[in-house]
Participant: 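Mind looking over this structure? Questions follow.
Along the sequence shown, the residues carry numbers beginning at 1. Given the structure is predicted, the values throughout are model-derived calculations rather than measurements.
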Amino acid sequence: MNKFLSVHLLWLMVLFAPVQAQAQKEKVDQDTAFVLPADTVLPGQKKPFTDAQRLEGDNKRFLMRAVIPSAALVGAGILTIQERGFISSFDTRNARNRHFPNFSTEADDFIMIAPLVGLYGFNIISSQNRHEMGRQTLLLGLSGALASAIIWPVKGITDIERPNGEPHAFPSGHTAYAFTIATFMDKEFRHKSPWVSVASYGIAGATGVLRVLNNAHWMADVLAGAGVGIISVNTVYWVHAKLTHGGGLKRTSFVPAVFPGGARGMAVTVAF
């Protein structure tokens, strides 16, 4: 039986070899086409309108435009925890208590998602969204998942008490998600109008301010939360650009295989 299966696996490999080779050639051609014309349109992606969008996977650009700003925000948050820093979180809390002692609103629970209304609204009325709606939703979901994977473990590890006495202050989840959405909007619609980015980041910043005014978070919490949101989206887009060129993975193939020990199965090869 083993010999019988081995023979059939071998002739299947021979049979599919020309098809696999042709598929790989087509993928290589597509990859070559991607790096030549500056305005190439790829599966799942609309016209890449800006250099920033075309060069999303560039390591230096990712470092300068994502890692460093995010690290600066998180670092500022760490340096101003409680009484530390030239202007500390305690200083901003005391200022809040002097000038807005009775401030209370639930707006910060809702305004952070306001840009999402604009996102799907733009998709309906505009042909200039960067990615198709399905891919947008996937990228946004992955960005939110990455932000959550950072926020909640750090909250548990730091275990800092909020100014209102509740636990798990650092970093601010509301602010992190607000900046996740704002950065996502910037990625998808920056080319359409810079005011989309300005409005989105303005709403995200307002969310952070309201968290402090509501006495729900320290200034350090919202600074770090902003950094987490920005790095989460940029990381997802950077990895997406590394693994894909607006479409599927490059040079992916499946072949029958015999593994050590005589087990039979399928092997997959992926190049990126």
Participant: Does atom CD of E83 have more than 12 heavy-atom neighbours from other groups under 6.0 Å away?
Facilitator: yes
Participant: Can you find a pair of side-chain heavy atoms, one from N214 and one from E106, that are under 4.5 Å apart?
Facilitator: no
Participant: Identify the heavy atoms of T180 and G229 that sit nearest to each other, and give their distance.
Facilitator: OG1-CA, 3.3 Å
Participant: What I'd like to find out is whether the side chain of I231 reaches to under 4.5 Å of the side chain of V74, using heavy atoms alone.
Facilitator: no
Participant: Between R162 and N215, is there a donor-acceptor pair closer than 3.5 Å when you use the side chain of the first and the backbone of the second?
Facilitator: no
Participant: Does a side-chain heavy-atom distance below 4.5 Å link V233 with M185?
Facilitator: no
Participant: Taking salt bridge (charged side-chain N to carboxylate O under 4.0 Å, His left out) as the cut-off, I'd like each qualifying pair that reaches into residues 195-210, sequence neighbours left out, listed once.
Facilitator: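 Listed by first then second residue: nothing to list.
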Participant: Do F184 and L146 sit in the same hydrophobic cluster, where Ile, Leu, Val, Met, Phe, Trp and Tyr count as joined when their side-chain heavy atoms come under 4.5 Å apart?
Facilitator: yes
Participant: Assess the residue pair T183 and D186 against the criterion (side-chain hydrogen bond (donor to acceptor under 3.5 Å, both in side chains)); give the C-alpha distance rounded to whole Å, side-chain angles, the decisive distance to 0.1 Å, and a yes or no.
Facilitator: CA-CA 5 Å; T183 306; D186 175 63; over 6 Å; no
Participant: S200 and V196: which non-hydrogen atoms are nearest, and at how many Å?
Facilitator: OG-O, 2.8 Å
Participant: Do I181 and V222 share a hydrophobic cluster (ILVMFWY, side-chain heavy atoms under 4.5 Å, transitive)?
Facilitator: no
Participant: Starting from the C-alpha separation in whole Å, work towards a yes-or-no answer on side-chain contact (heavy atoms from CB on, under 4.5 Å) for N94 and R98.
Facilitator: CA-CA 6 Å; N94 293 337; R98 283 196 305 270; 3.9 Å; yes
Participant: Quick check: closest heavy atoms across I150 and S232, and the distance to 0.1 Å?
Facilitator: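 Scanning both residues completely, I find the closest heavy atoms to be CD1-OG, 4.0 Å.
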Participant: Does any N or O in the side chain of H217 come within less than 3.5 Å of the main-chain N or O of A169, such that one atom is a donor and the other an acceptor?
Facilitator: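 Pair found, side chain donor or acceptor close to backbone of A169.
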Participant: Do I113 and L142 share a hydrophobic cluster (ILVMFWY, side-chain heavy atoms under 4.5 Å, transitive)?
Facilitator: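 Yes, I113 connects to L142 through the hydrophobic network.
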Participant: Evaluate the side-chain proximity of P167 to E161: yes if any heavy-atom separation is below 4.5 Å, no if none is.
Facilitator: no
Participant: Before giving the answer on side-chain hydrogen bond (donor to acceptor under 3.5 Å, both in side chains), spell out for S148 and Y177 the whole-Å C-alpha distance, their side-chain angles and the decisive distance to 0.1 Å.
Facilitator: CA-CA 9 Å; S148 297; Y177 293 131; 2.6 Å; yes
Participant: Among the clusters formed by ILVMFWY side chains lying less than 4.5 Å apart, do V212 and F90 turn up in the same one?
Facilitator: no
Participant: Taking the six-membered ring for Trp, are F62 and W238 parallel (under 30°), tilted (30 to 60°) or perpendicular (over 60°)?
Facilitator: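 F62 vs W238 ring planes: parallel.
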Participant: Using every non-hydrogen atom in the two residues, find where S89 and A220 come nearest and quote the distance to one decimal.
Facilitator: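 Looks like OG-N, 3.0 Å.
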Participant: Taking the side chain as every heavy atom from C-beta outward, state whether V154 and F170 have any pair of such atoms under 4.5 Å apart.
Facilitator: yes
Participant: Between atom CE of M112 and atom CZ of R211, what is the distance when rounded to the nearest 0.5 Å?
Facilitator: 8.5 Å
Participant: Between D221 and H174, does a side-chain contact (heavy atoms from CB on, under 4.5 Å) hold up when you go through it step by step?
Facilitator: CA-CA 10 Å; D221 306 338; H174 278 68; over 6 Å; no
Participant: Is it true that, when you exclude F103 itself, more than 12 heavy atoms of the residues, nucleotides or ligands shown sit nearer than 6.0 Å to its CZ?
Facilitator: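 Check passes, neighbour count above 12.
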Participant: Can you tell me how far CD of E56 sits from CZ of R61, rounded to the nearest 0.5 angstrom?
Facilitator: 8.5 Å
Participant: Without swapping roles, check the side chain of D108 against the backbone of G208 for a donor-acceptor pair under 3.5 Å.
Facilitator: no
Participant: Under the rule for side chain to side chain contact (heavy atoms under 4.5 Å, CB included), what residues qualify as partners of V239, not counting sequence neighbours?
Facilitator: T235, L243
Participant: Set out, in order, the CA-CA distance, both residues' side-chain angles and the distance that settles side-chain contact (heavy atoms from CB on, under 4.5 Å) for R96 and M219, then state yes or no.
Facilitator: CA-CA 11 Å; R96 178 262 177 198; M219 177 182 68; over 6 Å; no
Participant: Any non-hydrogen side-chain atom of I160 less than 4.5 Å from a side-chain atom of W218?
Facilitator: yes
Participant: So how far is it from S88 OG to R93 CZ, rounded to the nearest 0.5 Å?
Facilitator: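 S88 OG to R93 CZ: 9.0 Å, rounded to 0.5 Å.
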Participant: I need the T80 OG1 to L223 CG distance, nearest 0.5 Å.
Facilitator: 5.5 Å
Participant: Check the pair S70, N234 against side-chain contact (heavy atoms from CB on, under 4.5 Å), reporting the backbone distance first and the verdict last.
Facilitator: CA-CA 10 Å; S70 299; N234 278 280; 5.6 Å; no
Participant: Please give me the minimum heavy-atom distance between A204 and A182, naming the atom from each residue.
Facilitator: CB-CB, 3.9 Å
Participant: When rounded to the nearest 0.5 angstrom, what distance separates CG in D109 from OG1 in T207?
Facilitator: 9.5 Å
Participant: Same cluster for I230 and L139 if Ile/Leu/Val/Met/Phe/Trp/Tyr side chains link at under 4.5 Å?
Facilitator: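 Different hydrophobic clusters.
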